[in-house]
Every structure is written in structure tokens, then in C-alpha cells.
Amino acid sequence: MDYKYIEQLVERYWDAATTPEEEQILRLFFRQSDIPQPLLRYKDLFDYEAAERSIGLGSDFDRKVLAAVVPATPVVVKARRRSWAESLRPLYQAAAAVAVVVLVGIGAQRSFQKDGAAWDYNPASYNDTYDNPQQAYKVLEDGLEMFQRTASADTVQADKQVVSQ
Amino acid sequence: MQEIDFRTDLLPLKDQLFRLALRITLDRAEAEDIVQDTLLRVWERRAELSGVVNSLEAYCLTVCRNLALDRKERKEAQNLSLESGSYDAADNTLSPQEQLEHDDRLRRIHRLFCQLPERQRSVVQLRDIEGKSYKEIATVLGLTEEVVKVTLFRARQSIRQQYEKIEAYGL
């Protein structure tokens, strides 16, 4: 890795010419454990700054200062007005969640049932869909026509694509 | 600015204020008192501050610094007969436990920072520890951005010089 950029940043840091963002890059860089040898000498400086950043006051201080402030600030519970639609919102959410679970359950159950019933390929056990042969012939003819239309439309589209390319 | 809330607006600033006060006074107990005074003082003035102060954080830092400087001046006035040129004598920034935990080199660097004049210390604190912009520092310290930049430059040059001595000779 090329560390020239970091070296330049360090140099600019000493000259107070770095931006806060560049200084943040330096902090992050020197937080690593494996710093290249020429830059290692600056690690202590940035370690020191990081350690100083973690200095603070504990919860004892909070108790002490809050005790001095609390008489002036009684805890006020602010009541907010909510419309009936807003207050029923959790109910809608619960109902929606239940509906989703039920619908998914029904769907899953149906699909499992379908999968469970094996296909019967024996022509002897086929049942006629239509009683009237003419009606059956008409339905078959319509189906074949539709198939032909779709197939020819696909062919025309494919030809157009070839031509345009 | 909306109405100031002590717990959510002021109390979270305590650590930052403490670090600045500590950097100026170099005394933990005193710095803690200063933070408490700062928070209570700002809290008492909350009614007049709402709508007037743009950044509560910057305002608190300014109050904190002024209180720290007042205390330092008073302390120095009381100790006129004593030689108070060096900050080392008053260096109680680290608790005994922390003293043990910090290794020797970090303690030396700490001393470098503490030996800077107060204004340089405050600028370095706000920039290098708290990561503030020149504009924010200028607001807190009541200086121009240019002066802040020059002060930071001098502080870093001084630290560099001393730091390289430590590196070279272990001084």
C-alpha cells in the first residue's frame, strides 16, 4: 500500500493545513494495529488523543447535578391528544398481521394439497369435460387458434429484432 | 431554539465540558465543579437563551471556559508567592488508576499538551480531541477564524518540536 498520502497528511497536520475530515482519516489510520514503520512514531500522539477523547464524568455526577436541578424541574408527563383513528392503529396493525399469516397459511395448505395428489396418467380413468362433442371440438379449435396466433406473433417480433440488429 | 431540557440538551454535554475544563485547570475535582457550575448557570438562564443562542453547545463551552479561566486566575492570585510558571505542579488530570494505566510515553505527550499556553491548549483540545471546525472554535473562544488557525499552527509546531525530541532522545 502507498502511504505517501498519509505522510503528506501528517505533514499538513503539523502545519494546521488539514481539514477536519482529513484529520479524521489520520485518526482512523493510526487506530490500526499494523502501522508501517516510518509512520509508527506518530501513533502515540494519536493514541493519546483517542484516550483523551474517552475521558468523562460518571453517573455520580449526573445524580449530583440532577439533585441540584430537580426542584426546579418536576417531571411533567405531557399528555398528547390522539384521534380515534390514531389510537386504533395498533389494532389495524394486529389485524393486518393476523390476516397475512392466515392468507399465507391457506395458500401454503392449498399448494401442499395439490402437490400431494398424484397425476393420473391412465387414459381409462379420464373423465369427459364436455358432454357435447361439438362443444368440445369448438373449445379445442379455439385453443389451437390461440396457440397459433401467439406463436406467429412471437415469430414476427423475433424477425423484427433480428432486422433491427 | 426550542425550550431547553436539562436531561436531553444540557446533561449530554458534560463530558465535553469536563474535558475542556480539565485542559484549562489541569485538575479533575476543579473541572468537575466547573462543569456543574456551567450546567446550572445555563439552566438558570434557559428562558433568556431560548431563541437567542444558535448553538447551545458552543454557548456552554464558552461559559465553561470563562469559569475555568476565572478559577485559574483566582488560584494564581492566591499563590502569588509560589512560583507558578510550570503547569506540572498542578497536573492532577489523571487519577492514580489512570496514571498506572497510561504508559510512560503517553504521559510525556500529555505533559507536552499541558505545557502549552492556555489559549493553544483550548484550541488544540477543541480541534484535536473534540474535532470542531475553525468556525466553531472561533465562536467558543470569541476569536476570529484566522486567529484560531494561527494559534493551532503554533500549538502543533510546538508539540511537533517537543514530540520529535521525545522520539529522538526519549526526553
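Naming: A, B, ... by sequence-line order, numbering from 1 per chain. Not measured: the values here are computed from a predicted model. Computed from heavy atoms alone, side chains included, the values below leave out hydrogens, waters and symmetry copies.
Each of B:L143 and B:V150 belongs to its own hydrophobic cluster when Ile, Leu, Val, Met, Phe, Trp and Tyr are linked at side-chain heavy-atom distances under 4.5 angstrom. Hydrophobic cluster membership differs between A:V139 and A:Y137, with clusters built from Ile, Leu, Val, Met, Phe, Trp and Tyr side chains linked at under 4.5 angstrom. In terms of hydrophobic clustering, with Ile, Leu, Val, Met, Phe, Trp and Tyr side chains grouped at heavy-atom distances under 4.5 Å, A:V10 and B:F153 are assigned to different clusters.
Here the closest non-hydrogen pair linking B:R7 and A:L66 is NH1-CD1, 3.7 Å. Nearest heavy-atom pair, B:S133 versus A:P20, reported as atom, atom and distance to 0.1 Å: CA-CG, 4.5 Å. Residues B:I129 and A:R53 come closest through the heavy atom pair O-NE, 2.8 Å. Across all their heavy atoms, A:E52 and B:R19 have their closest contact at O-CD, 3.1 Å.
Taking chain A as the reference chain and counting heavy-atom pairs below 4.5 Å, the highest number among B:L39, B:L152, B:L11 is found for B:L11. By number of non-hydrogen pairs under 4.5 angstrom with chain A, the leading residue of B:E32, B:E44, B:R154, B:Q16 is B:E32.
Open room surrounds NZ on A:K138; 12 or fewer heavy atoms of other groups in view lie less than 6.0 Å from it. A 6.0 Å sphere centred on CZ of A:F147 holds no more than 12 heavy atoms belonging to other residues, nucleotides or ligands. The number of heavy-atom neighbours closer than 6.0 Å to CD of A:Q135, taken from other residues, nucleotides and ligands shown, is above 12. Shown here is A:Q134, whose CD atom has no more than 12 heavy atoms of other residues, nucleotides or ligands within 6.0 Å. Heavy-atom neighbours of B:R119 CZ from other residues, nucleotides or ligands within 6.0 Å: at or below the threshold of 12. In this structure, B:E146 places its CD atom where only 12 or fewer heavy-atom neighbours from other residues, nucleotides or ligands lie under 6.0 Å away. Within 6.0 Å of atom CD in A:Q37, 12 or fewer heavy atoms from other residues, nucleotides or ligands are found, so the atom counts as exposed in its surroundings.
Of the atoms belonging to B:V35, heavy atoms from both backbone and side chain fall under 4.5 Å from chain A. Of the two parts of A:F46, neither the backbone nor the side chain holds a non-hydrogen atom closer than 4.5 Å to a non-hydrogen atom of chain B.
The aromatic rings of B:Y163 and A:Y42 lie parallel to each other, with less than 30° between the two planes, well short of the 60° mark.
For the pair B:L106 and A:D44, the minimum side-chain heavy-atom distance is below 4.5 Å. With contacts defined as side-chain heavy-atom distances shorter than 4.5 Å, the pair A:L45/B:I159 qualifies. For the pair A:T18 and B:R156, the minimum side-chain heavy-atom distance is below 4.5 Å.
Note that NZ of B:K14 and CG of A:L57 are 6.0 Å apart. Values are rounded to the nearest 0.5 Å.
Counting only N and O atoms by type, the side chains of B:D128 and A:Y48 include no donor and acceptor under 3.5 Å apart.
Under the 4.0 Å criterion applied to side-chain N and carboxylate O atoms, B:R127 and A:E49 are not assigned as salt-bridge partners.
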